[in-house]
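Numbering of ligands and ligand atoms starts at 1, following listing order.
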Amino acid sequence: MPCLVVVGGFYGDEGKGKIIAYLARKGNPSIAVRGGVGPNAGHTFTSDGKTYKVRMLPSAALNPSTRLLIGAGVLVSPEILQSEIALFKAEDRTYIDSQCGIIEQTHVDKDLTEKHLRTDIGTTGTGTGPANAERAMRTLKIARDIPELSLFLEDINSSVNYALDNKQEVLVEGTQGTFLSLFHGEYPYVTSKDVTASAICSDVGIGPKKVDEVLVVFKAYVTRVGGGRLQNEISAEEARARGWIEFGSVTGRQRRASPFDMDLARKAIRLNSATQLAVTKLDVLFPECAGVTSYSKLTSDAKRFIENIEGETGMKVVLIGTGADLNDIIDNRPMAR
Ligand code: IMP
Ligand code: MG
């Protein structure tokens, strides 16, 4: 599986960070490369009792032998990037494309103060929308304009294509989720770019024929932050009673919640040309499954839940999350068994 693209199937926060961190530890890819919008996404993973959050680096950051790359389509906040590089001691293995757009304070201020963005859309307030607007105007600064970033610049599309041409393993990390796509989500309650698998590939500079597998990650229930429709949304009290309460990793806002949505899942599979699925947080629906690492040890209710998804979508669920730690996972990939 030389080129695996991982994307979110709902509204972000499906647990891509944990899945990617696990895949990076298990498969030891030579490159992990991040696509997507930018620091509006927070990917979280827990290993050996410690929880990490990345908003710029790929979620493979714990693997010291994986090069951590950021594609040209991604907006970079130099401060956040530099603090994460320091945290993961990744000075000598982090590279960003010289054409990554740069988020400045003015973009953040605009995102936090414009009523349309702040109140109506309910953005993360991280400046990504205003920066992408400037990019479309061709006035945005890019990474090669920023002296402090000069050590980290690389031609990312060339590195990624070279690795693939030499049969090395490359993990491509998407951010946000399918239904936050500017084109395919519920406009205007969306992010400032397309974030489906094709767009993530474009962000890092690979064409569709370079991709071997597209893994779409779903959570066992759906959450959404900010405005827009959420089919079958449950109340905050109901979410608390079910243990579905979550808070945004970037904004701290309480996430809205609804049960797993099969129609959305089917549409996400279509929009991303999924070849395999992951389902995270199964233990939240079925507490007896917490920490289970083999499919046969799941309760019959939990198995039925997974098999129903497989039956309704015609796709295999190859990874199942059963807890926060990287090791709390059932790995049913054909090669992993
Ligand atoms: P923006 O991307 O900050 O402009 O926000 C636009 C919409 O996308 C808002 O509803 C945000 O809550 C949502 N959003 C953006 N990034 C993420 C993410 O990584 N996870 C969940 N929601 C996100
Ligand atoms: Mg998130």
Side-chain angles (χ1 to χ4, degrees), residues 6-21 34-46 51-59 73-77 80 84 101 103 107-136 173-196 199-200 203 217-219 221-230 233 244-258 264 268 278 280-281 321 324:
V6 181
V7 293
F10 290 142
Y11 298 95
D13 309 316
E14 300 91 353
K16 293 178 290 295
K18 177 233 173 86
I19 293 290
I20 288 161
R34 185 158 163 157
V37 185
N40 50 351
H43 288 181
T44 307
F45 44 90
T46 301
T51 296
Y52 305 85
K53 183 181 79 176
V54 283
R55 292 174 56 189
M56 292 276 33
L57 291 183
S59 301
V74 179
L75 292 164
V76 167
S77 157
I80 298 172
E84 291 181 4
I103 299 178
H107 305 119
V108 176
D109 293 344
K110 200 166 188 187
D111 211 359
L112 288 171
T113 54
E114 272 199 6
K115 179 183 169 295
H116 170 66
L117 295 172
R118 185 69 183 156
T119 313
D120 303 345
I121 307 296
T123 72
T124 60
T126 53
T128 48
N132 273 334
E134 255 199 55
R135 181 127 195 184
E173 176 166 349
T175 67
Q176 282 75 40
T178 300
F179 299 102
L180 292 177
S181 161
L182 179 63
F183 301 152
H184 304 291
E186 183 210 351
Y187 186 87
Y189 300 105
V190 291
T191 190
S192 53
K193 266 176 57 177
D194 184 19
V195 287
T196 58
I200 301 300
D203 288 339
V217 182
F218 297 115
K219 190 157 59 184
Y221 48 97
V222 184
T223 58
R224 172 165 206 181
V225 282
R229 189 178 36 173
L230 182 58
E233 180 169 1
W244 295 5
I245 290 283
E246 294 182 10
F247 295 91
S249 68
V250 172
T251 60
R253 290 179 293 181
Q254 188 171 324
R255 294 177 182 153
R256 302 155 58 198
S258 75
L264 275 189
T280 63
K281 296 211 176 185

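- The aromatic rings of Tyr11 and Phe179 are tilted relative to each other, their planes meeting at an angle between 30° and 60°.
- With hydrogens and angles disregarded, no donor-acceptor distance shorter than 3.5 Å links the side chain of Arg255 to the backbone of Val225.
- Within the 3.5 Å criterion, the main-chain N or O of Asp13 finds a donor-acceptor partner in the side chain of Lys219.
- Within ligand 1, the atoms closer than 4.0 Å to a non-hydrogen atom of Leu180 are 8 (O), 13 (C), 14 (N), 17 (C), 22 (N), 23 (C), numbered from 1 in the order shown.
- Remark: side-chain polar atoms of Lys193 are paired, donor with acceptor, to backbone N or O of Gly73 under 3.5 angstrom.
- The part of Val190 lying near ligand 1 is the backbone, judged by heavy-atom distances below 4.0 Å.
- Numbered from 1 in the order shown, with element, the atoms of ligand 1 that lie under 4.0 Å from a heavy atom of Gly226 read 10 (O).
- The contact set between ligand 1 and Tyr11, taken as ligand atoms under 4.0 Å from a residue heavy atom, comprises 21 (C), 22 (N).
- Checked against a 3.5 angstrom limit, the closest N/O atoms of Thr191 and ligand 1 fall inside it.
- For the pair Lys18 (side chain) and Gly321 (backbone), a donor-acceptor distance under 3.5 Å is absent.
- Ligand-side atoms of ligand 1 in range of Gln176: 15 (C), 16 (N), 17 (C), 19 (O), range being under 4.0 angstrom from any heavy atom.
- Of the protein's non-hydrogen atoms, the one nearest atom 10 (O) of ligand 1 is Val225 O, 3.1 Å.
- The backbone N or O of Val222 sits nowhere less than 3.5 Å from a side-chain atom of Arg256 that would complete a donor-acceptor pair.
- Under a 3.5 Å cut-off, the side chain of Glu186 and the backbone N or O of Gly228 do not form any donor-acceptor pair.
- Not a single donor-acceptor pair under 3.5 Å links the side chain of Arg224 to the backbone N or O of Phe10.
- The residue from Pro130, Ala41, Gly122 that puts a heavy atom closest to atom 11 (C) of ligand 1 is Gly122.
- Set against the non-hydrogen atoms of Asp13, the atoms of ligand 1 under 4.0 Å away are 20 (N), 21 (C).
- Side-chain contact between Arg118 and Thr113: absent, with no pair of heavy atoms (C-beta onward) separated by less than 4.5 Å.
- Within the 3.5 Å criterion, the main-chain N or O of Pro39 finds a donor-acceptor partner in the side chain of Arg55.
- Between the side chains of Thr46 and Thr51, at least one donor N or O sits under 3.5 Å from an acceptor N or O.
- Shown here are the protein N/O/S atoms lying under 2.8 Å from the Mg ion (ligand 2), water excluded: Asp13 OD1, Gly42 O.
- For atom 5 (O) of ligand 1, the nearest non-hydrogen atom of the protein is Thr123 CA, 3.3 Å.
- With hydrogens and angles left out, the side-chain atoms of Asp111 and Thr123 include a donor and acceptor closer than 3.5 Å.
- At a 3.5 angstrom cut-off on N or O pairs, Asp111 does not count as close to ligand 1.
- Closest to atom 18 (C) of ligand 1, if we only count protein heavy atoms, is Asn40 O, 3.9 Å.
- Note on Lys281 versus Glu246: salt bridge recorded, some NZ/NE/NH1/NH2 to OD/OE distance being below 4.0 Å.
- The shortest N or O to N or O distance between Gly125 and ligand 1 is not under 3.5 Å.
- Note on ligand 1: Arg253 sits in its first shell, one or more heavy atoms being nearer than 4.0 Å.
- The shortest N or O to N or O distance between Ser192 and ligand 1 is not below 3.5 Å.
- Distances between N or O atoms of Thr124 and those of ligand 1 include at least one value under 3.5 Å.
- Residue Thr251 places every heavy atom at 4.0 Å or more from ligand 1.
- Distance alone, capped at 3.5 Å, is enough to place a donor-acceptor pair between the Thr178 side chain and the Gly8 backbone.
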